[in-house]
Amino acid sequence: MSDPSDDMPKAYEPDKSEARWYEFWEESGFFEASEEPDDARATYTLAIPPPNVTGSLHMGHACRTTFEDVLCRHKRMQGYNTLWMPGIDHAGIATQVVVERQLKREGLTRHDLGRKAFVERVWRWKEESGGRILQQLRKMGASCDWSRTKFTLDPDMVRAVRESFVRLYEEGLIYRDTRLVNWDVESQTVLSDLEVDQEEGVEGELFDFAYRLADGDSEVVVSTTRPETMLGDTAVAIHPDDDRYRHLHGKYVRHPFVDRMIPIILDAELVDPEFGTGVVKVTPAHDPNDFATGKRHGLEEINVLNLDGTLNENAGRFQGLDRFAARDAVKDELANLGLVRGSKKHIMTLPRSHRSGTVVEPLISTQWFVKMRPLAEPAIAAVRDGRIQILPVEWEKTYFHWLENIQDWCISRQLWWGHEIPAWYCDACEDVTVSREEATACQSCGATALRQDPDVLDTWFSSALWPFSTLGWPDDTAALRRFYPTQDMETGYDIIFFWVARMIMMGLHFMGEVPFNRVLLAGLVTDERGEKMSKVKGNVIDPLDVIHGATNEALIDKATKAGASKGGIKYLQKTYPDGFAAYGADALRMTLLSYSPQSRRIALSIKRIEGYRNFANKLWNASRYALMRLAGSGAKASQQCPRPQALANRWVLSRLYQALDTASTGLDAYRLDDASGALYHFVWDEFCDWYLEVSKTALDSGDANLVRETEATLVHTLETTLRALHPMMPHITEEIWQRVPKWDAAPKSIMVARFPSALVDAKADRDAVRDFEALQALVRSMRTIRAEHDIPRSRAIEVHWHTEQAEIRQVFQDERATIQALAGCVMHFEPDPSKFDDPGSHFDNAAVFVNPGVRGVVPSVIDPGKERARLERALKKLDKELGAVEKKLGNPNFADKAPAEVVEKSKRDAAELRSKRDQLEVALSRL
RNA sequence: AGGCACGUAGCUCAGUGGUAGAGCACUACCUUGACACGGUAGGGGUCGGCGGUUCGAAACCGCCCGUGCCUACCA
């Protein structure tokens, strides 16, 4: 008998097999979707959330990749023409910042290079490192159709962006306007509202100062958190009904620093008379509410800020100061003039740039906007009427709330890296020409002296087109017809507005059809304490370290280079003193899958990864055993479910049925935790713990029929389980599956084999389950008695048992050899049940057990003290259960109102528990 | 300020009306011819609090306490 374990080491080594099989799949073309005209298979399409070109693999990517790969591999195995569309995002600001940082190290700025050279430099960097993230996704096992990989700045993507821009412009949905925008003084670009994070609970100062009236000595006191903005004040507002200030109506105050008379205006909308002094300084150019007030009253808008955050010529003597220095300077000057009227602590929220982190300044600027309302309405409808399903459904409310209150989207950015805006300005007539092609003449006056708009588009503008631009839009391509709409959109909930909602709007607008049918939103990966992973905290877990292993020294070294704090390093030392073993991609995948998709955070624990590494090893060794026993037997997997006679074989097929059924339901409903859990427990708790143990007795029985059907069941169950697990653990299942003896003309790879179905590949058998459970209960009882009485394994125990149930009696007699092997006992059927009523007289020092329908004793081995303790513990537990059931049955309304089957079951349970209890009490009293 | 979650074993989390679950950790025993990355048997929870609905609540409703997140505003 050849031994396949020769080439199967005792422990599974993921590092040795994962890369090999990945290459095999990729070279075999298994990832590629088909565009053959005569391929009539239904399609399944999922577009990847394109990672940033700057990115390197983090746990968020690992999580996305795992979930998406499971969905795609499952559908592919079910026979769908599956397209997992990959790509990379150019990531405007993020990328520009990275390259600028490189330049800084060389002592240069982008302005030293000039725009053309700078953009060329970014491209060069992209070519060098842009593929890295995709290589890393491969380490996770991602089955993307790499032949179609897109970059959001590819020429065809540029074309799609221009086409959509021009169309929206022509439809009046893109327009140019001058309004108050969010300005990032560090990146020196405008930001959309979504790119501004509100930092809550910041301790600031509410500063009071006085404006003197132009005529006379009296004053009004105003409050501000940004004193420097007073340089741009063009009004002071009071409430029209505020009697305290009635004498100020129509008056003016004099600005202390700049030569300006400032009107006192009446505004009921801006002013809350209860707040502060009831007088508000109005800075239309630097505050959203003041801007609106200014529009109502026709106030002058005086911008006091340069684009870099310093003060401009309108700031008078403060010109040139940085905004924060100017704040102090203004306060000092006001103090010198004796105008300070107080200051107090003030908790406020501070708007910060999502990217640069700097405090955002509102200022007036001319930008391009997308009119969102007309686009939002169809997007709301698509979710309301179920054309798009959002899971978990709680997110629908968030989605509706945002879309119903949506503001226009500022899409221009003052960056160099990104999609150019296809708009040209005429020097002669100042009109704008928007065009698909490079404009050569002004559309109004025909002049040829044109300047292209220097700005680029928000990176999310091209992302919004992703589901169809990647398939060839605006051309009517075969791919677009075949693969649009896509089916699932899987991503993190943090980009539901940035990306998901905008894709829905653009998909509906340009394709007339939803871009996908389901939105699957996953939680964010945190460390095991639930804290956000951050380089400073040192709690970033690199997926590649988990896959390939890393020593504690290596982890610390990496964290130090990434700028971890002392506390972060200490945390690393304490939490992972031994570093990580090479757990492998499959273990990491299985771990990520085991978290509920409902949860908002995935608190990743290395211990949990270790648990699934152990599971991989369990599967490996179970297979090693099975293959060893099958070698030379001639048995092979056949894709036909065997029809065995023996109890254990029927039982395992029935449990397989249950596991496959749960797995399929979970996969379809996007409960990947349920799906992976069902297979995990089937493999470990049932296949390994029971079936393999029983199979040893069967295969050694010498009974040719039993041996043959056990081999057939064993190989079938193993092979089917591998196929079911493949979407979740692709590498190890392939590694084992390749070794399993199989039917002729089996596929070259498990990844193109058929996904198993409960109905086809298994067989539910209630009788087998019932009978085997009785067997399990008996074996467990024997084991408990053994453990409680410290009976060594080497010593067989005698069991005297009785049952009134003919089937169980038959089972125990048929399975005598199995039970004796599993429990280490010798079985004796006791025909006279009355003997059990008086155990002491018939069986010396007997331990008693009572199972459903079965009772018995193990005599002559028992320490009465331990037996008493055991029985008392069992009784205590029983009493608790019985108490609950009796309380329920004792309720007079229960029988009337509860469903009959529930009442029946409770009665049966109570009877069973009572009888069990009685027998244990008798046993206890006889000790 | 509003909205949305969450609070279950030491830790991380499942569990949508019928006798409280998993992984890890813990205790005892076992190097048994697949596996010590293992096996067997155990211990551990008044399901945040208080009320309500119900024959029956961890689950449904209300209030409170605590924790996160989101949106808006903040002179």
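Labels below follow one simple rule: chain letters A, B, ... track the order of the sequence lines, proteins then strands, and each chain is numbered from 1. Owing to the predicted nature of the structure, the values given are computational and were not obtained by experimental measurement.
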Round to the nearest Å and state the distance from [X] atom [atom1] to [N] atom [atom2].
X         : N      : atom1 : atom2 : answer
Glu274(A) : A75(B) : CD    : C1'   : 14 Å
Lys10(A)  : U32(B) : NZ    : C1'   : 12 Å
Leu627(A) : C35(B) : CG    : C1'   : 14 Å
Phe497(A) : C69(B) : CZ    : P     : 16 Å
Arg629(A) : G33(B) : CZ    : P     : 13 Å

Using a heavy-atom cut-off of under 4.0 Å over every strand shown, decide if [X] touches base, sugar-phosphate, or nothing.
X         : result
Val902(A) : base
Glu404(A) : nothing
Ala11(A)  : base
Asp287(A) : sugar-phosphate
Thr225(A) : sugar-phosphate

Review point. Taking for each residue the nucleotide of RNA chain B bearing the nearest heavy atom, is the 5' side occupied by Arg601(A) or by Lys281(A)?
Key: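 Closest to the 5' end, via its nearest nucleotide, is Arg601(A).
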
Exercise for review: Identify, between Trp690(A) and Lys897(A), the residue whose nearest nucleotide on RNA chain B lies closer to the 5' end.
Suggested key: Trp690(A)

So, [X] versus [Y]: side-chain donor-acceptor pair below 3.5 Å or not?
X         : Y         : value
Thr229(A) : Lys281(A) : yes
His255(A) : Asp233(A) : no
Tyr625(A) : Ser695(A) : yes
Glu867(A) : His789(A) : yes
Gln198(A) : Thr349(A) : no
Ser594(A) : Asp673(A) : no

Kindly give the atom pairs (protein nitrogen or oxygen, nucleotide nitrogen or oxygen) under 3.5 Å for nucleotides 1-10 of chain B.
{"unit_1": "C4(B)", "atom_1": "O2'", "unit_2": "Arg600(A)", "atom_2": "NH2", "d": "3.3"}

Any idea which of [options] is nearest the [X] side chain?
X         : options                : value
Val271(A) : A75(B), C37(B), G38(B) : A75(B)
Asp689(A) : G18(B), A14(B), G39(B) : G39(B)
Tyr625(A) : A14(B), A34(B), A41(B) : A34(B)
Asn617(A) : A41(B), C37(B), A36(B) : C37(B)

Hey, is the side chain of [X] pairing donor to acceptor with the base of [N] inside 3.5 Å?
X         : N      : value
Lys696(A) : A34(B) : yes
Arg613(A) : C37(B) : yes
Ser594(A) : C13(B) : no

Could you pull out the protein-nucleic contacts involving nucleotides 19-30 of chain B (nitrogen or oxygen on both sides, under 3.5 Å)?
none

Point to revise | Under-4.0 Å salt bridge between Glu205(A) and Arg226(A) | key: no

Review point. Within the side chain of Asn621(A), is there an N or O that forms a donor-acceptor pair under 3.5 Å with the backbone of Asn617(A)?
Key: yes

Check your understanding: Distance check: side-chain N/O of Arg671(A) vs OP1/OP2 of G15(B), anything under 4.0 Å?
Key -> yes

Check your understanding: Tell me, do Asp193(A) and Gln407(A) make a side-chain contact under 4.5 Å, heavy atoms counted?
Key -> yes

